[in-house]
Participant: 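Dumping the structure here so I can ask a few things about it.
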There are 2 protein chains.
Amino acid sequence: MAAAVAAAAAVVNREAFRQAVVNTLERRLFYVPSFKIYRGVAGLYDYGPPGCAVKSNVLAFWRQHFVLEENMLEVDCPCVTPEVVLKASGHVDKFTDLMVKDEKTGTCYRADHLLKDFCKEKLEKDLKITEEKASEFKHVLAVLDDLSAEELGAKIKEYGITAPDTKNPLSAPYPFNLMFQTSIGPSGLSCGYMRPETAQGIFVNFKDLYYYNGNKLPFAAAQIGQAFRNEISPRQGLLRVREFTLAEIEHFVDPEDKSHPKFSEVENLEFLMFPRQDQVSGKSARIIRIGEAVSEGIVNNETLGYFIGRVYLFLIYLGIDKDRLRFRQHLANEMAHYATDCWDAEIECSYGWIECVGIADRSAYDLRAHTEKSGVPLVAAEKFAEPREVEKLVITSVKKELGLAFKANQKMVVEALEAMEEKEAMEMKATLESKGEAEFYVCTLGNVVTIKKNMVTISREKKKEHQRVFTPSVIEPSFGIGRIIYCLYEHSFYTRPSKGGDEQLNVFRFPPLVAPIKCTVFPLVQNQQYEEVAKRIAKSLTAAGISYKIDITGTSIGKRYARTDELGVPLAITVDSTTTVTLRERDSKQQIRVSVEEVATVVKEVTDGLNAWNDVLWKYPTHSAAATED
Amino acid sequence: MAAAVAAAAAVVNREAFRQAVVNTLERRLFYVPSFKIYRGVAGLYDYGPPGCAVKSNVLAFWRQHFVLEENMLEVDCPCVTPEVVLKASGHVDKFTDLMVKDEKTGTCYRADHLLKDFCKEKLEKDLKITEEKASEFKHVLAVLDDLSAEELGAKIKEYGITAPDTKNPLSAPYPFNLMFQTSIGPSGLSCGYMRPETAQGIFVNFKDLYYYNGNKLPFAAAQIGQAFRNEISPRQGLLRVREFTLAEIEHFVDPEDKSHPKFSEVENLEFLMFPRQDQVSGKSARIIRIGEAVSEGIVNNETLGYFIGRVYLFLIYLGIDKDRLRFRQHLANEMAHYATDCWDAEIECSYGWIECVGIADRSAYDLRAHTEKSGVPLVAAEKFAEPREVEKLVITSVKKELGLAFKANQKMVVEALEAMEEKEAMEMKATLESKGEAEFYVCTLGNVVTIKKNMVTISREKKKEHQRVFTPSVIEPSFGIGRIIYCLYEHSFYTRPSKGGDEQLNVFRFPPLVAPIKCTVFPLVQNQQYEEVAKRIAKSLTAAGISYKIDITGTSIGKRYARTDELGVPLAITVDSTTTVTLRERDSKQQIRVSVEEVATVVKEVTDGLNAWNDVLWKYPTHSAAATED
């Protein structure tokens with residue numbers, strides 16, 4: 001019970017902290033609900049000026065850290081996607097959530113959310129709960145993602161869960177496709193969707209990209225763009241939205257060689273990992289060296305390990321707290337059947353551990369699916385230095401006999417015979433030799449037919465081959481940019497007392513890389529001389545490519561510092577003479593005096609990361625803060 | 001007739017040139033039709049690696065040139081937009097094109113396109129056309145945009161125009177809304193559209209942005225993002241597509257003061273302008289100084305003139321040929337009724353003069369429309385230093401009398417009375433005084449009612465006012481990024497004979513700012529020493545933030561230069577020793593020798609624009625090209 005009380009207190013604290021962050025973010029226009037003057041639309045948000053700048057900084061760094069560093073092939077494909085593409089990828093049939101409806105009002109809810117909320121509420125707030133019941137609820141939460149529509153429906157009934165807003169009874173759960181549907185062209189006959197991910201645009205271009213890369217593997221393609229999911233009932237602010245920016249990488253490799261030439265550059269990184277085995281056996285995440293994780297087989301291969309390491313560096317450079325970042329391996333039941341291995345970069349925030357980056361080895365699934373549906377082979381070839389002798393399965397159907405036996409169905413039987421895999425074919429050969437005939441299921445007929453010995457010859461023959469043709473595997477790091485940014489906001493936020501101690505001031509400790517504005521310029525008092533100096537400095541900042549803001553309001557300098565700290569601006573220049581100015585750093589509040597001519601250069605050095613603040617600090621005279629900060 | 005022959009020859013030349021450019025662009029993956037393996041979707045294109053890099057360079061420069069330089073407030077709003085917003089903006093009712101259907105197959109065509117094609121074809125290819133007919137067709141082309149559905153239909157009938165693919169008869173023209181429609185949320189009840197422009201996201205946020213700017217005018221907000229138009233029959237490649245990137249600026253000003261503090265920085269720019277008056281009187285575009293255009297009232301105001309100048313500079317820096325760029329003023333019939341003045345930056349390419357940037361003074365229309373529909377006042381206030389005495393219209397309705405006369409309709413009559421404008425109210429006052437009653441149309445009732453003298457008092461009273469509240473005007477420069485990029489491709493493309501003279505080689509003369517890759521690295525021959533030097537150089541290029549490509553194929557260096565010229569890469573480093581390398585410039589083919597240590601710095605100086613190629617040329621020994629270029 002003490003545990004339950006503590007848990008409840010933690011929830012209250014988390015929510016108070018979140019409220020403080022979100023209030024600051026909305027008040028300073030980092031983001032606001034979209035179309036607010038029309039009472040908004042759930043799950044749609046606008047980034048205002050500082051949020052938009054943070055986002056564009058994060059994306060520029062992503063390009064630098066991944067695309068430029070790895071020479072990736074960046075592409076830019078449309079959001080509007082014809083049905084055939086998303087049919088092949090499986091989205092039309094399977095990209096669904098289970099939904100329940102309020103039987104009286106018709107309001108829709110996500111079935112798993114209702115069950116999750118119910119169990120969590122019981123665990124956190126019901127102080128009289130039995131041990132047995134508590135472990136039952138915990139179990140439900142653990143297997144939530146695995147429950148079928150029937151199982152979810154049964155639980156909802158068993159627990160008597162009703163519509164949260166009205167307490168009305170709920171319908172049985174049924175699948176709702178999460179894609180925004182539209183119609184392409186004027187005829188109304190051509191169905192399309194807004195893409196739910198950017199990856200498909202890369203897969204369908206594989207052939208051209210492989211050619212562009214000189215027909216060589218491995219290579220990676222990348223795409224940044226909008227993706228759309230028509231969530232049933234969006235919540236959790238920026239974490240579950242209906243339109244969001246994804247940044248995705250598709251790294252194509254030979255399935256027989258998933259080593260990575262630059263793995264040695266990351267292998268000594270250590271960070272929190274949460275392997276499948278540890279999750280199943282109830283352990284906690286622990287610090288593992290990524291080199292060890294790969295060599296011990298915890299992470300399936302070097303390329304996957306390389307990207308995990310690079311993602312770690314990316315997030316840390318942005319300012320994500322490494323103690324609240326872990327790489328969690330998917331459990332067997334979470335992973336798609338075709339995936340080889342999958343790790344999520346999860347970041348802890350007030351909503352719990354949030355999946356922000358998925359890093360999956362998806363094997364050859366996507367390219368095969370599009371090959372099959374489009375008829376265009378999306379394959380790679382390895383040319384042999386010397387021709388190699390290989391044993392190959394050869395299936396020759398005897399068309400005359402098959403024609404006599406199957407008449408109009410002959411073509412389908414022939415196709416099915418020749419499409420047999422090694423194992424199936426060799427079993428048929430054995431059966432034909434022992435019994436003279438074999439039962440054979442032809443899926444295009446939906447029927448079992450009898451194949452006689454004289455209808456087909458199956459053999460293994462030696463052949464000389466000059467190349468090996470194969471479908472590449474793809475390793476996919478996929479970044480939810482909005483989620484990363486939201487977690488970054490929480491990790492960067494802190495409060496400190498004002499000088500008088502009468503109020504708490506908000507600060508975002510963004511690294512210069514991320515900060516929406518690098519520097520503010522404050523003329524200490526409103527006079528023409530200072531304003532002209534401020535303008536001169538502004539010009540030199542623009543020339544140096546540094547984003548800045550001038551604040552010429554007559555407000556006290558302390559209030560102006562507080563305002564700029566709240567935007568996470570790392571440096572502030574106070575114009576308090578016509579020759580030298582005060583340069584103040586946000587977190588330490590330390591101040592130095594720099595000449596008007598030099599100040600843009602110093603700001604550039606610090607914000608470009610060429611010099612740390614501590615390096616410039618000793619070079620210039622310090623300035624006593626007592627007079628100014630209030 | 002000679003003129004017709006010359007025109008036909010020009011068409012052939014233009015088409016041959018376009019074919020050469022487009023072939024190169026598609027072969028080198030600047031862009032390709034989207035979803036090609038599924039036979040594509042008309043009007044959707046993917047940017048491949050070089051095209052994507054060009055686009056991201058153009059956008060980065062746009063941010064630098066406009067957002068950073070002018071301290072604009074950049075925002076980022078969703079593409080999915082609820083119906084109410086686009087109802088207010090007028091898009092739901094008016095964003096249509098006139099469509100005709102093939103009466104047998106149902107294939108859809110844009111009615112104006114068919115008529116335009118017919119007239120153009122006649123003018124260009126019909127050698128027996130009479131003077132009279134020719135001037136009729138020219139007139140139709142001139143007024144094409146003004147024709148109503150009925151007029152278009154009549155012309156199509158008169159000329160006997162049939163469906164181009166089948167020669168079947170066509171339906172009468174009818175309007176087709178160009179927005180992609182979708183449904184937001186699971187209920188299916190909430191209609192939404194993919195935004196046809198980014199501007200609305202800014203307008204609906206006006207109140208917050210004005211507050212963010214310290215409640216001060218003027219200020220500008222900007223947005224870069226995808227926009228969508230479900231074109232009836234897309235054609236002209238990248239010029240008319242169903243999804244495209246817009247970059248829009250909404251500059252809000254006091255309608256009583258449209259001066260611009262930085263106008264003096266552009267006033268001496270001279271370029272091709274095509275004022276309305278010159279178009280109407282059949283003159284050609286001519287070079288005008290923008291300062292003169294504003295002072296003579298050709299351009300309505302300084303702010304509009306300032307942006308025209310800035311747009312000119314933007315396009316020129318990108319590499320648009322200034323002789324094929326003009327600013328054309330909208331004719332009275334082209335302009336929306338509320339617009340004050342509107343100029344298009346038109347770029348000439350093989351398709352003719354193409355509108356690439358629109359620069360419009362839209363007055364207060366958009367903010368007023370959203371104020372009215374949302375009920376949230378989107379206004380600004382100017383505080384007076386001293387309170388001012390103003391005469392104001394005061395309308396007081398006598399509710400008791402109105403209630404007796406109109407009963408349940410009283411509220412609507414009161415609202416209509418109190419909403420009267422100055423002129424209408426003073427007329428009613430006069431009528432009431434002379435006749436004792438007045439006829440009054442109440443639009444919410446759809447009826448005329450009789451207002452008696454005792455029902456309302458109308459007067460002008462003197463009041464002290466402390467501020468003036470008004471709806472700001474908006475000046476909107478709107479950039480079609482894809483169109484600018486396509487025109488840039490045509491303006492940058494040229495061919496030159498190979499050294500042997502046996503073939504024509506393609507070159508894009510992109511300025512470094514735009515070039516997809518700044519530099520290529522070629523080890524002259526395949527050996528380990530050279531490849532290691534190449535890797536060292538590559539590392540220093542990455543550190544300097546320069547995008548590059550290494551080509552280690554054994555192909556001749558001449559072929560490798562040709563390949564890289566075709567991508568528009570400005571500089572190539574050939575590793576032909578372990579201490580110094582050859583640095584070659586694309587257009588002049590001049591080569592200098594630079595040390596391995598220095599080369600990244602030299603490349604950075606040239607590609608960042610700190611030094612022109614001609615400035616570095618004399619600093620380093622030249623290298624004889626004879627041995628290498630073939």
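Keep in mind that this is a model prediction, so the values were computed, not measured. Proteins come first, then strands; the chains are lettered A, B, ... in the order of their sequence lines, and each starts at number 1.
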Participant: Could you check which of A:Gly375, A:Ser183, A:Ser34, A:Cys79 has the highest count of heavy-atom pairs closer than 4.5 Å to chain B?
Facilitator: A:Cys79

Participant: Just checking, B:Lys373 and A:Phe35: is the charged tip under 6.0 Å from the six-membered ring centre and within 45° of the axis?
Facilitator: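 No; the conditions do not both hold, so B:Lys373 does not lie above the ring face of A:Phe35.
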
Participant: Nearest 0.5 Å, please: how far is OH in B:Tyr212 from CZ in A:Arg28?
Facilitator: 6.5 Å

Participant: Tell me whether B:Lys36 forms a cation-pi arrangement with A:Phe206, defined as NZ or CZ under 6.0 Å from the six-membered ring centre and within 45 degrees of its axis.
Facilitator: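 That pair does not qualify as a cation-pi contact.
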
Participant: Check each atom of A:Met194 against the heavy atoms of chain B and say whether the ones under 4.5 Å are side chain, backbone, both or neither.
Facilitator: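 Side chain of A:Met194 only, per the 4.5 Å heavy-atom cut-off to chain B.
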
Participant: Check this for me: B:Leu513, atom CG, are more than 12 non-hydrogen atoms of other residues, nucleotides or ligands nearer than 6.0 Å?
Facilitator: yes

Participant: Does a sphere of radius 6.0 Å around CD1 in B:Ile550 hold more than 12 heavy atoms from other residues, nucleotides or ligands, not counting ones at 6.0 Å or beyond?
Facilitator: yes

Participant: In terms of heavy-atom proximity below 4.5 Å to chain B, should A:Asn205 be classed as side chain, backbone, both, or neither?
Facilitator: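 Just its side chain gets close to chain B.
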
Participant: Which answer fits A:Arg63, side chain, backbone, both or neither, if we ask what part of it has an atom under 4.5 Å from a heavy atom of chain B?
Facilitator: side chain

Participant: Using non-hydrogen atoms only, which part of B:Phe228 is less than 4.5 Å away from chain A: side chain, backbone, both, or neither?
Facilitator: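 The side chain, not the backbone.
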
Participant: How far apart are the C-alpha atoms of A:Tyr47 and B:Glu74, what are their side-chain angles, what is the distance that settles it, and do they pass the side chain to side chain contact (heavy atoms under 4.5 Å, CB included) test?
Facilitator: CA-CA 9 Å; A:Tyr47 289 93; B:Glu74 191 178 346; over 6 Å; no

Participant: Hey, which of A:Ile232, A:Thr107, A:Ile517 has the most heavy atom pairs under 4.5 Å with chain B?
Facilitator: A:Ile232

Participant: Heavy-atom pairs under 4.5 Å with chain A: which of B:Ser233, B:Pro78, B:Cys108, B:Gly43 has the most?
Facilitator: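 Looking at each option in turn, the highest pair count goes to B:Pro78.
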
Participant: Please classify the contact of B:Leu29 with chain A as side chain, backbone, both or neither, using a heavy-atom distance under 4.5 Å.
Facilitator: side chain

Participant: Taking A:Arg27, A:Lys55, A:Glu231 one by one, which has the highest count of heavy-atom pairs under 4.5 Å against chain B?
Facilitator: A:Lys55

Participant: Any heavy-atom pair between the side chains of B:Val67 and A:Ser547 that's under 4.5 Å?
Facilitator: no

Participant: Could you tell me which portion of A:Ser56 (side chain, backbone, both or neither) has an atom closer than 4.5 angstrom to a non-hydrogen atom of chain B?
Facilitator: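 Looking at A:Ser56, just its side chain touches chain B.
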
Participant: Please classify the contact of B:Pro50 with chain A as side chain, backbone, both or neither, using a heavy-atom distance under 4.5 Å.
Facilitator: both

Participant: Taking every non-hydrogen pair under 4.5 Å, which of A:Thr542, A:Val80, A:Val84, A:Thr245 racks up the most with chain B?
Facilitator: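 It is A:Val80.
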
Participant: Quick check: does any side chain N or O of B:Asp76 sit under 3.5 Å from a backbone N or O of A:Cys52, one acting as donor and the other as acceptor?
Facilitator: no

Participant: Grab the two heavy atoms, one from B:Gly185 and one from A:Asn230, that are nearest each other, plus how far apart they are.
Facilitator: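 B:Gly185 and A:Asn230 have their closest heavy atoms at N-OD1, 2.7 Å.
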
Participant: Using a cut-off of under 4.5 Å for heavy-atom pairs, which of A:Ile37, A:Val75, A:Thr182 has the most such pairs with chain B?
Facilitator: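 If we count pairs closer than 4.5 Å to chain B, A:Ile37 comes out on top.
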
Participant: So for atom NZ, which belongs to A:Lys262, do other residues, nucleotides or ligands contribute more than 12 heavy atoms lying within a distance under 6.0 Å?
Facilitator: yes

Participant: Once you round to the nearest 0.5 Å, how far does CG of A:Leu44 lie from SG of B:Cys77?
Facilitator: 10.5 Å

Participant: Measure across A:Phe176 and B:Pro186 and return the closest heavy-atom pair with its distance rounded to 0.1 Å.
Facilitator: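 Nearest pair, atom of A:Phe176 first, then B:Pro186: CZ-CA, 3.4 Å.
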
Participant: Taking atom NZ of A:Lys539 as the centre, report whether more than 12 heavy atoms of other residues, nucleotides or ligands fall under 6.0 Å from it.
Facilitator: no

Participant: With a 4.5 angstrom heavy-atom cut-off, is it the side chain or the backbone of A:Leu567 that approaches chain B, or both, or neither?
Facilitator: side chain

Participant: Let me know if B:Ile546 has heavy atoms under 4.5 Å from chain A in its side chain, its backbone, both or neither.
Facilitator: backbone

Participant: Taking side chain as everything from C-beta outward and backbone as N, CA, C, O, which of these in B:Val376 sits under 4.5 Å from a heavy atom of chain A? Side chain, backbone, both or neither.
Facilitator: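 The side chain, not the backbone.
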
Participant: With only heavy atoms counted, which part of B:Val41 is less than 4.5 Å from chain A, the side chain, the backbone, both or neither?
Facilitator: side chain

Participant: Side chain, backbone, both or neither: which part of A:Glu243 has a non-hydrogen atom closer than 4.5 Å to chain B?
Facilitator: side chain

Participant: Kindly check if the number of other-residue, nucleotide or ligand heavy atoms within 6.0 Å of OH (A:Tyr211) is above 12?
Facilitator: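 Incorrect, the count does not exceed 12.
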
Participant: Under a 4.5 Å heavy-atom cut-off, does chain B meet the side chain of A:Phe180, its backbone, both or neither?
Facilitator: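 When you check distances to chain B, atoms from both the backbone and side chain of A:Phe180 fall under 4.5 Å.
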
Participant: Chain A: which of B:Arg39, B:Gln226, B:His370, B:Met72 shares the most heavy-atom pairs with it under 4.5 Å?
Facilitator: B:His370

Participant: Sort A:Val32 into side chain, backbone, both or neither according to what part of it lies under 4.5 angstrom from a heavy atom of chain B.
Facilitator: side chain

Participant: Please classify the contact of B:Asn71 with chain A as side chain, backbone, both or neither, using a heavy-atom distance under 4.5 Å.
Facilitator: side chain

Participant: Atom CD of residue position A:Glu372 - does it have more than 12 heavy atoms of other residues, nucleotides or ligands inside 6.0 Å?
Facilitator: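 No, the 6.0 Å shell around CD holds no more than 12 heavy atoms from other groups.
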
Participant: Please state whether the side chain, the backbone, both or neither of A:Tyr193 comes within less than 4.5 Å of a heavy atom of chain B.
Facilitator: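 The answer is neither part of A:Tyr193.
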
